[in-house]
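In what follows, a structure is listed as structure tokens, so that the remarks can point back to it.
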Amino acid sequence: MQVKIATWNVNSLKVRLPQVLDWLAANAPDVLCLQETKLTDDNFPAADIEAVGYRVVFAGEKTYNGVAVIARHPLADIVTDPPGLDDGQRRVLAVTSGHLRILNLYVVNGQEVGSDKYAWKLEWLSRISRYIKSQLKEHDHLVVLGDFNIAPDDRDVHDPEAWHERILCSTPERQALGALLDLGLVDTFRLFEQEEKSFSWWDYRAAAFRRNLGLRIDLILASRSLAAGCTSCRIDKKPRRLERPSDHAPVIAEFAV
DNA sequence: ATGGTGGCGCGGCCA
């Protein structure tokens, strides 16, 4: 059986709901994980999503952060506050859907290398890695996906010199991501031949999208046994071309399970 | 070094 799973930082689900509904209809994923919904749970548009044949779980807060998982099939074993994370924010949503354990993440941005938020990002990554390690022990078929706010290497950066040791690209951030991969995860995007300068995020400023000045920071990581059955991973730039787009594009992977 | 844009929410923070 083929499973299609996607991740998309929507930068406000209130604004992007019509685009999300259109995207679901056009792409028919089994699972779509969202980040930066920026909605409290009482304002979440669950009925609109259920009306198009999906189920949804969500963990939100006012103004910032917020994650959701939209899926064809029932969602079980929902975790929003992994043991030891204790971040007081809504950045994590773990669910089980069919054969897959899914961990949807909105990783701390970090603002600037050396800042307090940067130190917190590294601490947050260290904490979530403990949860991922325990999830890998429990689940053969684990997907860890979302907005990692880290470009894994220089291929994922439009101008590696300009971004050298800057936020989203610094060595400690990349090492933290590397430590996650070393637990037994694979960056599925790199299992396949990809166009050079493939990115998933472009700053709203300076016409960055038109000039393809982007980074690849939205990732779909899979446990090794699941990655062995990965048949594709690609970035869908179409929604980034729409009026009033998110600054991120969706990433989609397919797995034989 | 700064500013460029967008979302939230109505001033400033965050990305």
Side-chain angles (χ1 to χ4, degrees), chain A residues 7-23 32-45 48-49 58-68 85 87-93 104-125 128 145-152 156-159 161-170 172-174 176-177 199-219 235-251:
Chain A
T7 178
W8 191 6
N9 179 323
V10 290
N11 186 22
S12 168
L13 183 57
K14 185 181 174 184
V15 174
R16 238 63 72 185
L17 179 63
Q19 294 183 19
V20 168
L21 296 176
D22 287 349
W23 196 86
L32 172 60
C33 295
L34 305 179
Q35 304 87 35
E36 284 203 271
T37 55
K38 298 186 174 179
L39 286 169
T40 51
D41 290 348
D42 55 320
N43 286 317
F44 194 93
D48 299 278
I49 291 165
F58 41 89
E61 61 185 294
K62 199 161 104 84
T63 310
Y64 302 118
N65 311 313
V67 282
L85 186 65
D87 63 353
Q89 298 185 312
R90 307 279 65 150
R91 297 178 174 276
V92 176
L93 191 48
N104 177 20
L105 300 181
Y106 175 48
V107 174
V108 173
N109 173 286
Q111 204 159 54
E112 191 181 345
V113 174
S115 67
D116 289 350
K117 289 196 173 75
Y118 179 76
W120 169 237
K121 179 181 196 172
L122 296 176
E123 173 63 21
W124 194 94
L125 286 162
I128 203 69
L145 78 174
D147 178 356
F148 283 74
N149 271 317
I150 301 172
D156 305 309
V157 181
H158 69 90
D159 185 345
E161 283 183 29
W163 284 83
H164 182 70
E165 297 300 341
R166 301 255 319 264
I167 195 67
L168 314 181
C169 301
S170 73
E173 290 167 272
R174 287 176 170 176
L177 178 63
F199 307 125
S200 66
W201 168 82
W202 302 260
D203 199 302
Y204 283 121
R205 296 166 286 190
F209 181 66
R210 184 179 56 72
R211 300 156 66 201
N212 198 31
L213 308 181
L215 303 177
R216 188 176 70 93
I217 56 177
D218 300 274
L219 311 177
I235 296 165
D236 180 12
K237 288 168 76 170
K238 272 204 213 87
R240 189 65 177 79
R241 299 189 186 102
L242 297 171
E243 294 262 325
R244 252 191 135 181
S246 168
D247 45 353
H248 295 251
V251 185

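Model, not experiment: these values are computed from the prediction. A note on names: the letters A, B, ... follow the listed sequences, proteins ahead of strands, and every chain is numbered from 1.
In this structure, the CH2 atom of Trp120(A) is 18 Å from the C1' atom of dC13(B), given to the nearest Å. Rounded to a whole Å, the CG atom of Leu168(A) is 16 Å from the P atom of dC14(B). Rounded to a whole Å, the CH2 atom of Trp201(A) is 15 Å from the P atom of dG7(B). Taking atom CG of residue Asp203(A) and atom C1' of nucleotide dG7(B), one finds them 14 Å apart after rounding to whole Å. Rounded to an integer number of Å, the gap from Tyr64(A) OH to dG12(B) P is 13 Å. Atom pair Glu61(A):CD and dC13(B):C1' shows a separation of 13 Å (rounding to whole Å applied). Counting to the nearest Å, the C1' atom of dG6(B) and the CG atom of Asn11(A) are 7 Å from each other. A straight line from NZ of Lys38(A) to P of dC13(B) spans 15 Å, rounded to a whole angstrom.
For Arg205(A), no side-chain nitrogen or oxygen approaches OP1 or OP2 of dA15(B) to under 4.0 Å. Residue Thr63(A) places at least one side-chain N or O closer than 4.0 Å to OP1 or OP2 of dG9(B). Phosphate proximity of dT5(B) to Arg244(A): absent, as no side-chain N or O sits under 4.0 Å from OP1 or OP2. Contact check, Ser12(A) against dC8(B): a side-chain N or O comes under 4.0 Å of OP1 or OP2.
Straight-line distance between the P atoms of dG9(B) and dA15(B): roughly 15 Å, to the nearest whole Å. Rounded to whole Å, the C1' atom of dC14(B) lies 16 Å from the corresponding atom of dG4(B). Between dG11(B) and dT2(B), the two P atoms lie 25 Å apart (nearest whole Å). Across the C1' atoms, dC10(B) and dA1(B) are found 29 Å apart, a figure rounded to whole Å.
Considering only side-chain atoms of Arg91(A), the nucleotide from dG9(B), dC8(B), dA15(B) that sits closest is dA15(B). The listed nucleotides are dC8(B), dG7(B), dG9(B); the one nearest the side chain of Lys62(A) is dG9(B).
Contact annotation for Phe209(A): no contact, since no heavy-atom pair falls under 4.0 Å across all strands.
Checking Trp201(A) against Asn9(A) by side-chain atom types alone, no donor-acceptor pair falls below 3.5 Å. Lys121(A) and Asn109(A) share no side-chain donor-acceptor pair at under 3.5 Å. Side chains of Arg91(A) and Asn65(A): a donor-acceptor N/O pair is present below 3.5 angstrom, by distance only.
Few gaps surround CD on Glu123(A); more than 12 heavy atoms of other groups in view lie less than 6.0 Å from it. Within 6.0 Å of CG in Asp116(A) there are 12 or fewer heavy atoms belonging to other residues, nucleotides or ligands. The environment of NZ in Lys237(A) is crowded: more than 12 heavy-atom neighbours from other residues, nucleotides or ligands sit within 6.0 Å.
Comparing Val108(A) and Val15(A) by the nucleotide of DNA chain B that holds the closest heavy atom to each, the one mapping nearer the 5' end is Val15(A). Both Tyr204(A) and Asn65(A) sit near DNA chain B, but only Tyr204(A) has its closest nucleotide nearer the 5' end.
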